[in-house]
Amino acid sequence: MPDKPKIAMYWCASCGGCEESVVDLAEDILFVLDNVDIIFWPVALDFKKSDVEKYKDVEIVASLINGAIRSTEQEEMVRLLRKKSKVIIAYGACAQLGGIPALANEFQKEEILRYVYEEAPSAVNPDKKRPQAQFKDDDRETELPELWDTVRTLEQVIDVDYYLPGCPPSSKLLKEAVLVLLSGILPSKGTVLAPDLALCEECPRKDTKPTDLSFTEFKRPNMHNIDPEKCILSQGFICIGPATRSGCGAMCIEGNMPCTGCYGPTSRVKDQGAKILSSITSNISGKTEKEIDAILEGIPDPVGTFYRYGMAGSLLRKKVDF
Amino acid sequence: MLLDENKSQSGSQGWQPKIIAFFCNWCTYTAADLAGVSRIKHAPNARVIRVMCSGRVDPQFILDSFAKGADGVLVGGCHPGDCHYQEGNYKCLRRFQLFKRVVESFGINKDRLRLEWISASEGDKVRLVINDMVAKVKALGPLSLPKKFSEWDKEMNIIEEKIAGKEEAVHA
Ligand code: SF4
Ligand code: SF4
Ligand code: FES
């Protein structure tokens with residue numbers, strides 16, 4: 001029997017949710033394990049970097065990489081996996097667009113380190129020690145990963161073949177992606193392995209979404225009740241569904257919460273944040289700056305709201321520092 | 001073209017700000033035309049892009065302009081109530097009120113982005129607005145995002161060199 005195709009799974013700046021989504025395959029995981037060999041998966045299996053180095057170039061059929069890239073170590077690992085793999089899949093919102101970790105691009109590295117190691121209420125660090133990339137004692141010299149200034153998407157670091165969107169990708173999409181890989185009939189490079197339609201298309205509340213919206217206020221889900229039947233956006237809560245790719249089955253809407261945009265944009269949109277900002281604010285009811293600004297008070301953090309998952313992959317990428 | 005020019009100009013003595021101006025066909029673009037015909041002199045820094053209505057200016061166009069090397073972006077439309085398509089300029093204004101906050105959050109000074117209502121007959125206002133904006137952006141200096149992007153990316157090459165070094169050592 002020929003060897004089963006080899007698959008690797010790796011995590012970078014991520015929360016572990018993408019790893020979890022593999023476990024969410026439930027009994028389907030048996031099907032996956034019957035058909036592929038997982039040769040590297042740090043969260044679950046005890047393989048080392050040196051095990052990956054032993055493989056011939058492109059011997060690994062596919063590497064599924066989750067998380068944003070923001071350290072020298074992550075860069076080194078993804079470059080190694082790129083070299084050894086035929087196909088690289090950016091797995092999940094962080095690898096595809098930067099995800100939550102990319103919100104760090106609103107700050108400079110020094111601000112982040114200062115806060116975490118000195119100013120945070122939980123920090124006890126009277127000597128103001130900071131992590132160092134080199135460590136030396138008598139006879140040993142160790143090199144440690146260094147944090148980057150900029151959080152990056154996977155494709156900003158290595159060549160990526162496919163994208164599996166979501167925070168995390170649904171097990172349905174993962175299963176379909178595995179089937180595609182096994183079939184050997186690969187889609188064209190750069191394909192996002194989810195339908196190229198807006199989430200509203202698969203939303204159960206689609207029919208209650210009016211064609212003409214007119215916002216007189218914006219509400220936040222922690223302050224107001226959401227009517228479980230009606231389109232959430234039409235109730236004045238920010239729902240990113242109109243500018244988000246479908247594929248999750250409108251999971252958040254099913255839980256009576258607005259979509260926050262984790263599946264990223266459809267192929268026609270370059271910058272998901274600007275797009276949804278544009279579409280929602282165009283429909284504010286005011287006509288003067290004063291009226292408009294009063295309504296916009298309901299959106300206190302537009303960057304966190306509209307670029308929640310996409311800052312690194314957005315057109316401006318990061319806050320400019322002068 | 002923008003990109004290359006930016007490379008050669010930013011930081012150098014002869015730097016001139018580049019302003020991308022999205023002007024509505026029915027009013028501001030006509031006003032700019034009028035300014036030209038009447039030989040009203042204004043700073044030559046604005047590259048005008050004609051759109052059918054200020055409501056057509058997708059915020060993505062503005063971000064793209066900055067990302068490709070613009071130092072400032074000016075949007076010109078019909079006065080409130082005068083939009084050829086009734087609501088276009090209101091839509092533009094509503095977006096602008098929030099979008100300018102986003103642009104500032106990305107570290108881009110608010111003087112680099114401007115919205116003005118200029119009717120077809122206000123050729124002289126085109127001059128005033130462009131001159132004023134050019135002066136303000138000049139005071140701020142170049143934005144040069146393409147250059148900044150490549151500076152940011154320098155932190156990636158360090159490890160690349162190290163890996164190459166290690167590989168050579170292994171193969172040697
Ligand atoms: S805006 Fe949100 S709630 Fe309304 S139809 Fe679209 S996804 Fe569903
Ligand atoms: S509804 Fe939106 S935020 Fe929720 S899982 Fe789907 S794409 Fe992500
Ligand atoms: S037609 Fe001029 S702003 Fe709409």
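Order of the sequence lines fixes the chain letters, A, B, ..., with proteins taken first and strands second; residue numbering starts at 1 for each chain. What you see below is based on every heavy atom in this structure, not just the backbone, and it leaves out hydrogens, waters and symmetry mates.
Using a 3.5 Å distance cut-off with no hydrogens or angles, the side chains of B:Arg95 and A:Ser278 do pair a donor with an acceptor. Looking only at atom types and distance, the side chain of B:Gln60 has no donor-acceptor partner in the side chain of A:Asp271 under 3.5 Å away.
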Would B:Arg94 and A:Asp293 satisfy salt bridge (Lys or Arg N to Asp or Glu O under 4.0 Å), going step by step from the backbone distance to the final call?
CA-CA 8 Å; B:Arg94 293 166 187 149; A:Asp293 288 347; over 6 Å; no
Can you list the steps and then say if A:Phe306 with B:Leu98 is a side chain to side chain contact (heavy atoms under 4.5 Å, CB included)?
CA-CA 11 Å; A:Phe306 300 120; B:Leu98 191 61; 3.7 Å; yes
Evaluate the criterion side chain to side chain contact (heavy atoms under 4.5 Å, CB included) for residue pair B:Gln97 and A:Thr281; output intermediate values, then yes/no.
CA-CA 9 Å; B:Gln97 290 306 99; A:Thr281 54; over 6 Å; no
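To the nearest 0.5 Å, the span separating CG on B:Leu145 from CZ on A:Arg317 amounts to 10.0 Å. The structure places OH of B:Tyr90 at 14.5 Å from CD1 of A:Ile284, a figure rounded to the nearest 0.5 Å. In this structure, CD in A:Glu289 is found 5.5 Å from CG in B:Leu93, a value given to the nearest 0.5 Å. With rounding to the nearest 0.5 Å, the separation of CZ in B:Phe61 from CG in A:Leu315 is 11.5 Å.
Proximity to chain B is absent for every atom of A:Asn105, based on heavy atoms less than 4.5 angstrom apart. Of the two parts of A:Ser285, only the backbone, made up of N, CA, C and O, holds a non-hydrogen atom closer than 4.5 Å to a non-hydrogen atom of chain B. For A:Ser314, the part lying under 4.5 angstrom from a heavy atom of chain B is the side chain only. Both the backbone and the side chain of B:Phe149 come within contact range of chain A, judged by heavy atoms closer than 4.5 Å. Heavy atoms of A:Ile292 lying under 4.5 Å from chain B belong exclusively to its side chain. Neither the backbone nor the side chain of A:Glu146 comes within contact range of chain B; no heavy atoms are under 4.5 Å apart.
For CZ of A:Arg220, the number of neighbouring non-hydrogen atoms (other residues, nucleotides, ligands) closer than 6.0 Å is 12 at most. Counting non-hydrogen atoms of neighbouring residues, nucleotides and ligands closer than 6.0 angstrom, the NZ atom of B:Lys100 exceeds 12 such neighbours. Taking a 6.0 Å sphere around CD of B:Gln86, one finds it holds 12 or fewer heavy atoms contributed by other residues, nucleotides or ligands.
Taking every heavy atom of both residues into account, A:Asp149 and B:Glu155 meet most closely at N-OE1, 2.7 Å. Here the shortest heavy-atom pairing between B:Met156 and A:Glu75 reads O-OE2, 2.9 Å. Closest approach of B:Trp152 to A:Val320, counting heavy atoms only: CZ2-CA, 4.3 Å.
Taking chain B as the reference chain and counting heavy-atom pairs below 4.5 Å, the highest number among A:Val157, A:Leu277, A:Val303 is found for A:Leu277. Across A:Glu291, A:Lys318, A:Glu106, the residue that shares the most heavy-atom pairs under 4.5 angstrom with chain B is A:Lys318. Put simply, of A:Leu296, A:Asp301, A:Val269, the one with the most heavy-atom pairs under 4.5 Å next to chain B is A:Leu296.
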For residues 101-110 of chain B, which side-chain N or O atoms pair as donor and acceptor with protein atoms under 3.5 Å away, sequence neighbours left out?
residue	atom	partner	partner atom	Å
B:Arg101	NH2	A:Ile299	O	2.7
B:Ser105	OG	B:Arg101	O	2.9
B:Asn109	OD1	B:Asp111	N	2.8

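The closest side-chain heavy-atom distance from A:Asp321 to B:Lys148 is not below 4.5 Å.
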